[in-house]
Amino acid sequence: MIDVRLITLRVFGQCGTIGATAELTGYSPSAVSAQLRELQRVLGMQLLTKDGRGLRLTTTGRILVAGSDALIAEWERLRAAAMEAGDQVQSHFGLGGFSTAAAHLLAPLAATLRSTRPLVDVQVLEADPARCFDLLVAERIDLAVIIAMQSEAQEEDQRFEKTVLLDDPLDVIVPADHPLASRDVVTLEELASEPWITEAVGSTYHSLFTAAFTAVGVTPRIAHEASEWETMIAFVGAGLGVGLLPRLAPLRGAENVVRLRITGKGRPSRRIIAVARRGSLGSPLIQESLGILQASAHQILTARLDEED
C-alpha cells in the first residue's frame, strides 16, 4: 500500500496550497500540515519550504513527487492484477465527471453497481475536468468522464490513461415553427444565416461550434450567449435563434423546440473519454464500469431522437 502521506504530498504538488490539498483529500488543513511534517521527518528530507505566506516544494520535494509517478502506476497495476486474480473488487469506488455525463452516464452506472456490487461504496462527484484530474491524483475518484478537448493540458501526462467512450453528435435545435423544423436532417450551410446561440469565446463548446462552421467555410452570426443547456433551450423556445445541443443532453420536454440531425460536411461531435490513474485500467471494477458506460451511451444516443419525436 502506498503511504497516504506520499499521496498528500503529490496532491500538494498538484495544487500548491495546504487549503486546496485539504479540500481535495478530505482532510483538515491541520491534518495535511501534520502529514507533510511527519513525512519529512520519516524520510529525513526537506520537502517543503516557505514561500511568502505559503509553502512550496523544494527541489528535493519536486524530484520525489515526479519520481513517485512510476511507483503509483506500478502499485495500481499490482493492485488491479491481484484483485482480478482473486476475483475481488475494491470496497470504495469514486466516479467523477462533467454535468451531462454525471447525470446521464455516471448516475445510472452508480445505480447499476449498487445492485450488482452491493458491498462496494460508490460515490459520484460532479466536477469540471481540471478538478477530475486533481481528484484522481488525490485518489478521491478512480474513474473520470470528460470531453477529450478538455484534457488537452493533460495530453502528455503519464499519470493517467484514457479510454474513448463515445463520439457524441451535436444536433441543431430550432423553434417548432421554424421553416426547417419538419425536416429530419439539415446541413450547417442551410443554417448559416440564422441567429445562433452558443457559449462564450474560450469555452469547449464555442471551439466545437467554430470548428464546425470553419469546416464548411461559413461564418455564423452569434446573436446570444448561454452557458447552460437549459438556458440555450429556453432561448431557442422563445424564438431567439438556433443552437447546437449534444445528443446526450435531453430536451427535457421543452416546448416549442425541435431537435434535428446535422448531415453533410462539418458535422460536429464531441469525443467523450474515460480517464483513470495509469496502471489501474485492469481493475475489474473499472473494466466493468467502462463496459456499462459504453453500453449506456450507445442506448441513449440510439433512443434520444425517437423519444423526442
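Treat the numbers as computed from the prediction; the structure is a model and nothing was measured.
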*Closest approach of Val258 to Ala176 (non-hydrogen atoms, all atoms of both residues)*: CG2-CA, 3.8 Å
*Once you round to the nearest 0.5 Å, how far does OG1 of Thr60 lie from CD of Gln40?*
10.0 Å
_Atom of Leu166, atom of Leu105 and distance for their closest heavy-atom approach_ = CD2-CD1, 4.4 Å
*asked:* Is any side-chain heavy atom of Leu165 closer than 4.5 Å to one of Leu290?
replied: yes
_Between CD on residue Gln287 and CG on residue Leu143, distance to nearest 0.5 Å_ = 10.0 Å
*In a check of side chain to side chain contact (heavy atoms under 4.5 Å, CB included) between Phe12 and each of Val32, Leu48, Leu47, Val65, which one passes?*
Leu48
_Check: Arg277 side chain, Val137 main-chain N or O, donor-acceptor pair, under 3.5 Å_ = no
*In terms of heavy-atom contacts, does CG of Asp51 have more than 12 from other residues, nucleotides or ligands at under 6.0 Å?*
yes
*Is there a donor-acceptor contact under 3.5 Å from the side chain of Gln123 to the main chain of His92?*
no
*CZ on Phe160 to CD1 on Ile273, rounded to 0.5 Å*: 11.0 Å
*Transitive ILVMFWY side-chain link Val185 to Val218, under 4.5 Å*: no
*Is any side-chain heavy atom of Cys15 closer than 4.5 Å to a side-chain heavy atom of Leu24?*
yes
_So Ile197 and Ile222, do their side chains get closer than 4.5 Å, heavy atoms only?_
no
*Quick one: closest heavy-atom pair of Pro246 and Asp168, and the distance?*
CB-OD2, 3.3 Å
_Carboxylate-amine/guanidinium proximity below 4.0 Å for Glu23 and Arg131_ = yes
*Minimum heavy-atom separation for Glu76 to Arg278, with atom names?*
CB-O, 3.5 Å
*asked:* When you measure from the side chain of Ser296 to the backbone of Leu293, do you find a donor-acceptor pair of N or O atoms at a distance under 3.5 Å?
replied: no
*About how many Å separate OG of Ser207 and CZ of Arg270, when rounded to the nearest 0.5 Å?*
13.5 Å
*asked:* Set out, in order, the CA-CA distance, both residues' side-chain angles and the distance that settles side-chain contact (heavy atoms from CB on, under 4.5 Å) for Val186 and Val172, then state yes or no.
replied: CA-CA 8 Å; Val186 293; Val172 63; 3.5 Å; yes
*Check: Arg267 and Arg261 side chains under 4.5 Å, non-hydrogen atoms*: no
*For Thr210, does its backbone N or O pair with a side-chain atom of Thr214 as donor and acceptor, under 3.5 Å?*
yes
*Decide, yes or no, whether a salt bridge links Asp167 with Arg271 under the criterion of side-chain N to carboxylate O below 4.0 Å.*
yes
_Glu199 and Ser227: side chain donor to acceptor below 3.5 Å_ = no
*Would you check, one step at a time, whether the test side-chain contact (heavy atoms from CB on, under 4.5 Å) holds for Glu225 with His206?*
CA-CA 10 Å; Glu225 292 182 359; His206 190 277; over 6 Å; no
*Within-4.5 Å side-chain heavy-atom neighbours: Leu248 and Ile272*: yes
*asked:* Testing the 3.5 Å rule here: is there a donor-acceptor pair between the side chains of Thr8 and Arg5?
replied: no
*With sequence neighbours excluded, tell me which residues meet ring pair (Phe, Tyr, Trp, His ring centres under 6.0 Å) with Phe209.*
Trp196, Phe213
*Other residues, nucleotides, ligands: >12 heavy atoms within 6.0 Å of His298 NE2*: no
_I'd like to know if Ile63 and Val11 are part of one continuous hydrophobic network [Ile/Leu/Val/Met/Phe/Trp/Tyr, side-chain heavy atoms within less than 4.5 Å]._
no
*May I have all residue pairs that pass side-chain hydrogen bond (donor to acceptor under 3.5 Å, both in side chains) and include part of residues 176-185, sequence neighbours excluded?*
His178-Glu194, Arg183-Glu190
*N/O donor-acceptor pair under 3.5 Å between Ser68 side chain and Leu71 backbone*: no
*Report yes or no: does Gln294 contribute a side-chain atom to a donor-acceptor pair with the main-chain N or O of Val164 at less than 3.5 Å?*
yes
*Between atom CG of Leu245 and atom CD1 of Ile173, what is the distance when rounded to the nearest 0.5 Å?*
5.0 Å
*What do the steps show when you test Ile147 against Phe98 for side-chain contact (heavy atoms from CB on, under 4.5 Å), and what is the final call?*
CA-CA 8 Å; Ile147 297 167; Phe98 64 100; 3.9 Å; yes
*Quick one: pull up CG in Leu57 and OG1 in Thr49 and give me the separation to the nearest 0.5 Å.*
10.5 Å
_So Leu64 and Leu43, do their side chains get closer than 4.5 Å, heavy atoms only?_
yes
_Measuring only between side-chain heavy atoms, which start at C-beta, is Leu9 closer than 4.5 Å to Leu39?_
yes
_Between Arg140 and Asp134, does any NZ, NE, NH1 or NH2 come within less than 4.0 Å of an OD or OE carboxylate oxygen?_
no
*Establish, from distance only, whether the side-chain atoms of Ser193 and Arg221 form a donor-acceptor pair under 3.5 Å.*
no
*Decide, yes or no, whether a salt bridge links Arg117 with Glu288 under the criterion of side-chain N to carboxylate O below 4.0 Å.*
yes
*Got Leu260 and Asp171 here, is their nearest side-chain heavy-atom distance under 4.5 Å?*
no
*Which pair of heavy atoms, one from Ser28 and one from Ala22, lies closest together, and at what distance?*
C-CB, 3.9 Å
*Linking I/L/V/M/F/W/Y whenever any side-chain heavy atoms sit under 4.5 Å apart, do Trp75 and Met83 land together?*
no
*Might you work through the side-chain contact (heavy atoms from CB on, under 4.5 Å) test for Phe93 and Asp121, ending with a clear yes or no?*
CA-CA 6 Å; Phe93 191 53; Asp121 174 27; over 6 Å; no
*asked:* I need the minimum non-hydrogen distance between Leu244 and Pro268, along with the two atoms involved.
replied: CD1-CG, 4.2 Å
